Amino acid sequence: MDQYSPATIESKWQDRWEQNSCFVAKTGSDKPKYYVLEMFPYPSGRIHMGHVRNYTLGDVVARYRRAKGFNVLHPMGWDAFGLPAENAAMERGVHPGKWTIENIASMQSQLRSMGLSYDWDRELATCTPDYYQHEQSMFLKFLEKGLAYRKESWVNWDPVENTVLANEQVVDGRGWRSGELVERRLLSQWFLKITDYAEDLLSAIDRLDRWPDRVRLMQHNWIGKSEGARVKFNLTSGSVGEMSAIEVFTTRPDTLYGASFLAIAANHPLAMSIAEGNEAATEFLAECAQLGTSEAAVETAEKRGFKTGLEVQHPLDPTCKLPVYIANFVLMEYGTGAIFGCPAHDQRDLDFANAYDLPVLPVVLPDDASADTFTVTDTAYTGPGRLFNSGPWDGMSVEDGKRAAIAALESASAGTGKTTYRLRDWGVSRQRYWGCPIPIIHCDSCGLVPVPEADLPVTLPEDVDFDAPGNPLSNHPTWKHTSCPTCGGAAIREQDTFDTFFESSWYFLRFADPKHPQGFSAEAAAYWMPVDQYIGGVEHAVLHLLYSRFFTRALRDVGYLDLDEPFAGLMTQGMVCHQTFRDADGKWLFPTEVERDGENWRHAENGNAVEAGRIEKMSKSKRNVVDPEIIISNYGADTARLFMLSDSPPERDMEWTEAGVEGASRFLKKLYRMASDPNLAPIGSNVPTDGPGLDLVRAANKAIINMSADIEAFRFNKAVAQLYTLANAISDLRDESESAAAARRFGIETLTKLLSPMAPHIAEEMWERLGHTQMLASLPWPEADTSLVTEDQVEIGVQVNGKLRDTLALPRDADEDTAREAALALPGVIRYLEGATPKKVIVVKNRIINVVI
RNA sequence: GCGAGCGUGGCGGAACUGGUAGACGCACUGGACUUAAAAUCCAGAGAUCGAAAGAUCGUGGGGGUUCGAUUCCCCCCGCUCGCACCA
């Protein structure tokens with residue numbers, strides 16, 4: 001018998017699948033459609049284990065759905081714009097385009113070696129004009145519709161990447177890729193009006209019932225809806241500059257009678273005008289500007305304020321005037337950049353009031369407190385209760401008070417009910433070369449002029465210099481010079497490029513018809529969309545996944561298609577982790593550099609002791625990485641895939657271990673031997689319905705049912721366990737009869753089919769060795785004979801007072817009396833009864849019997 | 001601080017709507033085969049006590065509901081993630 005040789009059979013079957021176009025998707029079919037998509041990779045040059053996990057998960061789904069009779073679309077492409085290409089250009093002098101194309105080629109061949117069932121005919125790379133010209137034209141349509149605009153604003157500047165970042169790309173005050181503290185810069189930038197969709201994006205989250213709750217919650221929080229009111233407070237001294245009133249936003253208009261001050265942000269326009277010619281105020285503003293926004297800075301910062309000397313009139317209480325402060329804890333970016341302080345019912349306001357000796361008047365009385373004695377000193381009361389000290393609203397609940405307050409404000413023309421969101425518009429300008437040029441021309445006489453549709457695409461110049469500092473497009477000697485499409489005069493091109501999240505916001509639509517001259521065809525999109533199952537990392541919860549939801553709606557509203565949600569089902573996979581190793585000097589070591597030494601580890605070459613550290617996410621910096629290519633060449637893609645799936649549930653982090661890989665490899669070798677067994681019954685033998693093989697036939701049918709359920713629920717680790725269980729059932733059948741041989745054939749054939757979504761190459765090879773000529777890739781999923789899976793005998797646990805004392809074999813669905821009598825006759829039960837009659841016997845059919853004494 | 005999730009053998013993890021805790025695998029132990037090793041096959045295995053039969057304990061800790069709790073409720077501890085001066 002020849003040996004299992006992954007290298008040989010894997011390329012053999014990859015070629016056959018390719019020759020037979022097994023995975024080419026056809027738009028339109030009698031079969032139901034199924035679109036499965038994995039987040040496309042950035043072409044860094046080499047695949048890593050995270051990719052292997054992501055694409056294996058997707059491939060199992062794709063292959064399973066295909067076998068279940070779906071018309072499956074399973075494409076792959078390249079998110080090919082981005083900064084690493086420019087860094088490579090600077091470091092190695094290679095052009096970003098060339099670098100990217102070469103990386104795509106090598107990663108593509110790595111992916112092919114994994115045996116993934118992609119329709120490669122639909123492959124796309126976002127850095128080609130053929131792709132990005134369409135987003136230029138989308139942008140122009142957004143512009144026409146008012147969904148894109150340009151404004152000067154304070155933006156996040158990443159000093160390492162030398163570009164602006166969107167709010168979503170700043171984590172803890174640092175750039176999401178560079179990790180460097182971002183700076184604030186005032187720049188003129190392009191924005192997309194994602195805020196127009198805040199309410200829709202938020203409320204539609206409820207309908208994304210096949211998304212993980214975690215991601216839904218993150219998007220919910222990110223959009224950050226607050227319902228409340230805007231309230232206008234008139235300045236008693238007339239006006240300062242052009243301002244005669246301060247508008248605040250509050251979620252607690254019901255506490256308006258407890259107001260004791262107003263506070264405005266340091267960069268509020270009023271604060272700016274006050275500071276003009278006021279040294280103390282200027283100094284305070286400068287101090288505020290220095291304050292970091294990092295977690296630590298915020299936590300330790302005291303509440304500080306600057307008393308402006310201005311006063312405002314309370315809008316509902318003519319006798320009440322409130323002082324105005326500039327305060328360091330008020331943010332210009334949220335609400336109106338101004339608040340009214342009600343210290344009794346807001347902790348920050350209370351801290352501030354205590355620091356500046358402002359009155360603290362409670363206006364909400366907890367249900368269990370008395371109006372005569374209730375006071376607030378150090379801890380604000382934010383819970384429910386009845387309003388008091390609040391004039392006409394006394395006795396109302398907080399909720400009724402909010403409504404009454406808004407009504408009162410509206411009738412006094414002093415405010416309105418208002419909903420505020422945390423979500424900001426998406427800034428899409430990037431000061432980089434390797435991105436999609438923004439199709440705008442700046443003309444001195446005509447202003448901002450869109451590049452006419454006929455002149456698209458605006459392509460990137462090839463000959464660029466990466467050695468000079470700044471944006472290479474700005475530095476290019478001729479590219480930016482053009483003529484104005486309106487007046488014909490000399491004009492300058494926009495030199496910023498789009499955020500690379502622009503490309504990934506619609507690639508899933510392009511896959512529906514990747515050569516379509518309009519970017520994507522509405523019909524093909526109508527057929528394939530939404531993506532039925534999307535799979536990727538959770539790190540995109542509020543980046544790519546939110547942008548894509550917005551983008552799809554925006555495209556709908558400019559007339560491209562009729563669709564709201566791009567991804568009907570989402571699954572976020574966990575990270576691939578590995579043990580870390582360091583030598584005596586604390587230097588990180590690659591797993592390939594160490595070897596086991598009994599309980600300990602030592603250096604493979606010099607034999608020095610090695611310290612094994614924590615199990616962490618695979619990362620280049622800690623060197624705890626395993627190269628998929630090496631695993632594939634040593635064990636084969638099937639082994640890598642099987643181990644990826646077997647160890648942990650997909651959404652959880654998993655640990656990559658050599659021992660686990662060995663185990664998966666051993667299992668596949670065993671299956672290969674089973675399929676090569678010369679003593680199997682001939683092909684087409686009748687499956688026995690009795691005799692010694694019956695247990696195996698049952699086990700195989702059960703495996704079909706369980707495995708299907710497990711795959712559909714993404715419990716791939718359990719699905720793999722079903723394979724092991726079935727393989728054990730085959731080994732356990734020792735009988736040499738003809739009918740046992742037939743059962744064995746049925747078992748191994750079933751096992752082979754069940755294995756095929758996970759380890760497709762070896763499954764094909766086994767199928768062929770079993771004597772079949774048709775490819776598994778084109779065969780349907782096996783159907784279980786459900787009459788065979790219910791056994792007529794069931795083993796039931798018998799408890800005495802809730803503790804298991806014995807077990808009992810009973811006919812299935814045996815009636816209660818039979819069960820009770822049989823249980824009471826058990827020696828294990830009699831021993832405890834000691835002749836007494838039990839108080840009660842609980843019989844749960846086919847499950848358990850509990851004798852209570 | 002707010003929100004979410006998690007905590008089960010030496011390890012990864014199973015356990016349907018409350019019903020025989022530890023499926024399946026890894027590591028481990030013993031045996032067979034072999035001159036030997038590897039590979040393979042067979043068997044064993046939660047902990048403690050016991051020769052065994054068996055007993056007791058056991059799903060982070062403490063309480064509760066129940067005939068019966070990993071599962072439901074309350075309190076506490078620990079870890080992970082997300083958000084954060086959001087008015």
Side-chain angles (χ1 to χ4, degrees), chain A residues 171-172 212-222 224-226 228-229 248-252 255 263 265 291 293-295 297-299 301-303 327-331 333-342 345-349 351-352 420-422 538-539 541-542 615 642-643 646-649 651-655 657-664 666-667 669-670 673 706 709 715 717-728 731 734 794-808 828 831 838-853:
Chain A
V171 180
D172 285 341
D213 289 343
R214 188 156 68 118
V215 176
R216 298 205 288 176
L217 190 72
M218 281 165 73
Q219 291 211 352
H220 190 275
N221 293 339
W222 189 262
K225 180 180 183 175
S226 312
V248 307
F249 175 71
T250 178
T251 55
R252 292 298 300 275
T255 64
L291 200 74
T293 51
S294 73
E295 190 181 331
V298 165
E299 220 147 74
E302 318 165 41
K303 303 282 172 286
N328 65 350
F329 67 94
V330 180
L331 305 174
E333 297 82 43
Y334 191 77
T336 60
I339 61 156
F340 81 79
C342 175
H345 305 292
D346 183 286
Q347 191 59 47
R348 286 160 311 169
D349 296 350
D351 294 344
F352 189 80
T420 296
Y421 299 90
R422 206 188 80 108
V538 74
E539 65 274 15
V542 289
I615 296 157
L642 189 71
F643 174 59
S646 67
D647 214 43
S648 299
E651 67 279 2
R652 227 178 285 185
D653 290 352
M654 67 165 290
E655 190 195 351
T657 61
E658 193 74 3
V661 180
E662 289 282 354
R666 217 176 306 152
F667 180 62
K669 283 179 193 156
K670 177 176 163 171
R673 280 195 302 275
N706 294 341
R715 295 183 298 238
N717 55 326
K718 286 181 69 185
V720 174
Q722 303 295 344
L723 298 175
Y724 278 98
T725 307
L726 180 52
N728 290 344
S731 308
R734 307 274 161 72
V794 279
E795 203 188 53
I796 296 174
V798 180
Q799 301 177 327
V800 176
N801 286 342
K803 287 195 179 200
L804 185 75
R805 294 302 178 187
D806 215 330
T807 57
L808 181 61
R831 188 144 38 100
K839 274 194 209 137
K840 211 198 289 189
V841 179
I842 290 152
V843 179
V844 183
K845 207 181 242 184
N846 301 330
R847 278 268 162 79
I848 204 158
I849 297 166
N850 191 7
V851 179
V852 186
I853 51 176

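This is a predicted model, so every value here is computed, not measured. Proteins get letters first, then strands, A, B, ... in listed order; numbering begins at 1 in each. What you see below is based on every heavy atom in this structure, not just the backbone, and it leaves out hydrogens, waters and symmetry mates.
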Practice prompt. List in chain and number order the residues that pass ring-ring contact (aromatic ring centres under 6.0 Å, His included) with Y421(A), two or more places apart in sequence or in another chain; answer none if no residue qualifies.
Written response: none
Anything under 3.5 Å between a donor and an acceptor, one on a side chain of residues 841-848 of chain A, the other on a protein residue two or more places apart or in another chain? List them.
residue	atom	partner	partner atom	Å
N846(A)	OD1	D813(A)	N	2.9
N846(A)	ND2	D813(A)	OD1	2.7

Discussion item. Checking F352(A) now: which residues fulfil ring-ring contact (aromatic ring centres under 6.0 Å, His included) with it, not counting sequence neighbours?
Written reply: F261(A), Y325(A), F329(A), Y356(A)
Discussion item. Across nucleotides 37-47 of chain B, 5' to 3', mark each nucleotide with B, S or - according to how protein heavy atoms within less than 4.0 Å reach it.
Written reply: ---SSS-----
Please list, pair by pair, any protein nitrogen or oxygen found under 3.5 Å from a nitrogen or oxygen in nucleotides 52-59 of chain B.
residue	atom	partner	partner atom	Å
rA55(B)	OP1	R805(A)	NH1	3.4
rA55(B)	OP1	Y832(A)	OH	2.3
rU56(B)	OP2	R805(A)	NH1	3.1
rC57(B)	OP2	K803(A)	NZ	2.7

Worksheet item: Tell me, what's RNA chain B's dot-bracket, Watson-Crick or G-U with both distances under 3.5 Å, | for other-strand, [ ] crossing?
Response: (((((((..(((......[....))).(((((.......))))).((((....))))..(((((..]....))))))))))))....
Protein-nucleic acid N or O pairs under 3.5 Å, nucleotides 70-73 of chain B:
none

Fill in: All side chain to side chain donor-acceptor pair (under 3.5 Å) counterparts of Y724(A), not counting sequence neighbours
none
Practice prompt. Sequence neighbours left out, what passes side-chain contact (heavy atoms from CB on, under 4.5 Å) with N221(A)? Give chain and number order.
Written response: L217(A)
Discussion item. Test of understanding: with side chain to side chain donor-acceptor pair (under 3.5 Å), list the residues that count as partners of T725(A), not counting sequence neighbours.
Written reply: none
Fill in: Partner set under side-chain contact (heavy atoms from CB on, under 4.5 Å) for S731(A), not counting sequence neighbours
K670(A), M674(A)
Worksheet, complete the sentence: Given protein heavy atoms under 4.0 Å, the one-letter contact record of nucleotides 12-24 of chain B, with B base, S sugar-phosphate only and - none, is simply SSSSB--BB--BS
Worksheet item: For V542(A) and Y421(A), take the nucleotide of RNA chain B holding the closest heavy atom to each; which residue's nucleotide lies nearer the 5' end?
Response: V542(A)
